[in-house]
Amino acid sequence: MGTHKSRKDQHIDICLTENIDYSKTCHCEGNPFDQWHLDHDALPELNLENLQTKCIFLDIQLSAPLLIGSMTGGTVRAAEINHRLFEAAASCQIGVSLGSQRSLAEGTSCMSDFIPKALSKRPPLVFSNLGAVQLNYGVTLKHIQRIIELTQCDAFIFHLNPLQEAIQPEGNTDFSGLAQKLENIIPQVPVPVFIKEVGAGFSLATLKKLESLSLAGIEIAGQGGTSWARIEGLRSKKGCNRKLGELFASWGQPTIESLIACRKLFPQKLIIASGGIRNGIDIAKSIVLGADMAALALPFLQAASESTEAVIQLIEQLKQELRVAMFVTGAQDILDLKKKKISCHREER
Ligand SMILES: Cc1cc2nc3c(=O)[nH]c(=O)nc-3n(C[C@H](O)[C@H](O)[C@H](O)COP(=O)(O)O)c2cc1C
């Protein structure tokens, strides 16, 4: 069914042409964030012009708690997309994550397939990314150190994607003994380490399995946005995989549920909310629900398929939406926003 490289290009094609965003399917009863309400402040006693969206994440200053989620790399086309994402992230001073660097570890791609060299300015925060399951398929600490050296990343993400691998025709489905491997390897990784899902989120039971790991943080990537079951189903030529993809298209722990559970269990860790976040109000709600930052993937892919300017425009739009949400909740900065009230179906938090 193709190499890692051709698979990454197929993912881009499917994401840009098919309906793989759960929040936009007919099965979804609207954006789950819409069921949550921030208290409106009719007398904010703030000047909108003076509101600050900037934040500190891993001791790095960003213009907003916003990350371009892990997506791609490893092919000429992917490098062009990353070039636009990196240019925009640098220009707007937000974070960006590379897609899986499995092909770099395997030696089937080179750095120029991930980040083009001709960048005049580097984004302030860069994450590298690799599937944790690759630790069961020959990837060692040496590979990870090499990836970190080549990308000069500020932090490293291991992604967990059992559902995607199960539906992917050539998936790597041996997840046995992975928790122990992660526990052994993470303390030796020379930059802060995060764990993320890819769109199916974390249950409380899974989060408890992460308690013994020396993680700097967790990215939720919950159910509610991009559906990897559906993407892999659509990629497959086999009818049975297509059926599997459709059956599991909405599988997983919803983003908000995962986020609340994660913040309860890990009061001190950094948390990135993701999975179906589509506007600045969703970002504001994520922050109030306990996130330190929010990440979007698919909307940035769509923008990057147009131009760097389209990505910049999307970032500025999201920041402006966040600023207005902060204004009408009476929050002058992100720390202040964290203290605001949110409720669901009239149930107070
Ligand atoms: C084209 C594409 C490629 C992706 N590749 C990766 C990847 O290599 N590693 C990873 O951890 N997540 C990957 N993801 C998952 C995203 O980082 C994100 O967790 C998920 O799409 C949910 O966010 P969204 O609903 O905003 O798209 C990818 C997403 C897209 C759209």
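Both counts, for ligands and for their atoms, begin at 1 and track the order of listing.
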Query raised in the report: Does even one non-hydrogen atom of Val198 get within less than 4.0 Å of ligand 1?
Result: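 Flag set, Val198 near ligand 1.
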Query raised in the report: Of all the heavy atoms in Tyr22, does at least one lie under 4.0 Å from an atom in ligand 1?
Result: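 Per 4.0 Å heavy-atom rule, Tyr22 does not contact ligand 1.
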Query raised in the report: Any side-chain donor-acceptor pair under 3.5 Å between Thr255 and Ser258?
Result: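 Ser258 and Thr255 do not have a side-chain donor-acceptor pair below 3.5 Å.
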Query raised in the report: Will you find, in the side chains of Ser63 and Lys319, an N or O donor that is under 3.5 Å from an N or O acceptor?
Result: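 Distance-only check passes for Ser63 and Lys319.
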Starting from [atom], which protein heavy atom do you reach first, and at what distance in Å?
{"atom": "atom 22 (C) of ligand 1", "value": "Gly275 CA, 3.9 Å"}
{"atom": "atom 27 (O) of ligand 1", "value": "Thr226 OG1, 2.5 Å"}
{"atom": "atom 17 (O) of ligand 1", "value": "Ser70 O, 2.6 Å"}
{"atom": "atom 29 (C) of ligand 1", "value": "Trp228 CZ2, 3.4 Å"}

Can you confirm, on distance only, whether ligand 1 has an N/O atom lying under 3.5 Å from any N/O atom belonging to [X]?
{"X": "Ile12", "value": "no"}
{"X": "Leu298", "value": "yes"}
{"X": "Gly199", "value": "no"}
{"X": "Lys8", "value": "yes"}

Run the salt-bridge test on [X] and [Y] with the 4.0 Å N-O cut-off and return the result as yes or no.
{"X": "Glu18", "Y": "Arg235", "answer": "no"}
{"X": "Glu246", "Y": "Lys243", "answer": "no"}
{"X": "Arg278", "Y": "Asp21", "answer": "yes"}

Report task. Please test Ile68 against Phe86 for side-chain contact (heavy atoms from CB on, under 4.5 Å), starting from the C-alpha separation and ending with a verdict. Result -> CA-CA 9 Å; Ile68 298 176; Phe86 269 61; over 6 Å; no
So, does [X] use its side chain to make a donor-acceptor pair with the main chain of [Y] at under 3.5 Å?
{"X": "Asn136", "Y": "Asp174", "answer": "yes"}
{"X": "Lys8", "Y": "Gly73", "answer": "no"}
{"X": "Asp333", "Y": "Gln52", "answer": "no"}
{"X": "Ser305", "Y": "Gln302", "answer": "yes"}
{"X": "Arg263", "Y": "Lys269", "answer": "yes"}

For [X], counting its heavy atoms only, list the atoms of ligand 1 lying under 4.0 Å from any of them.
{"X": "Leu296", "result": "26 (O)"}
{"X": "Gly99", "result": "8 (O)"}
{"X": "Arg278", "result": "24 (P), 25 (O), 26 (O), 27 (O)"}
{"X": "Ala221", "result": "19 (O)"}
{"X": "Cys15", "result": "1 (C), 31 (C)"}

Evaluating non-hydrogen atoms only, which member of [options] is closest to [atom]?
{"atom": "atom 18 (C) of ligand 1", "options": "Ser97, Ala297, Ser100, Gly225", "result": "Ala297"}
{"atom": "atom 12 (N) of ligand 1", "options": "Lys196, His159, Met71, Gln223", "result": "Lys196"}
{"atom": "atom 9 (N) of ligand 1", "options": "Ile81, Asp21, Leu16, Asn129", "result": "Asn129"}

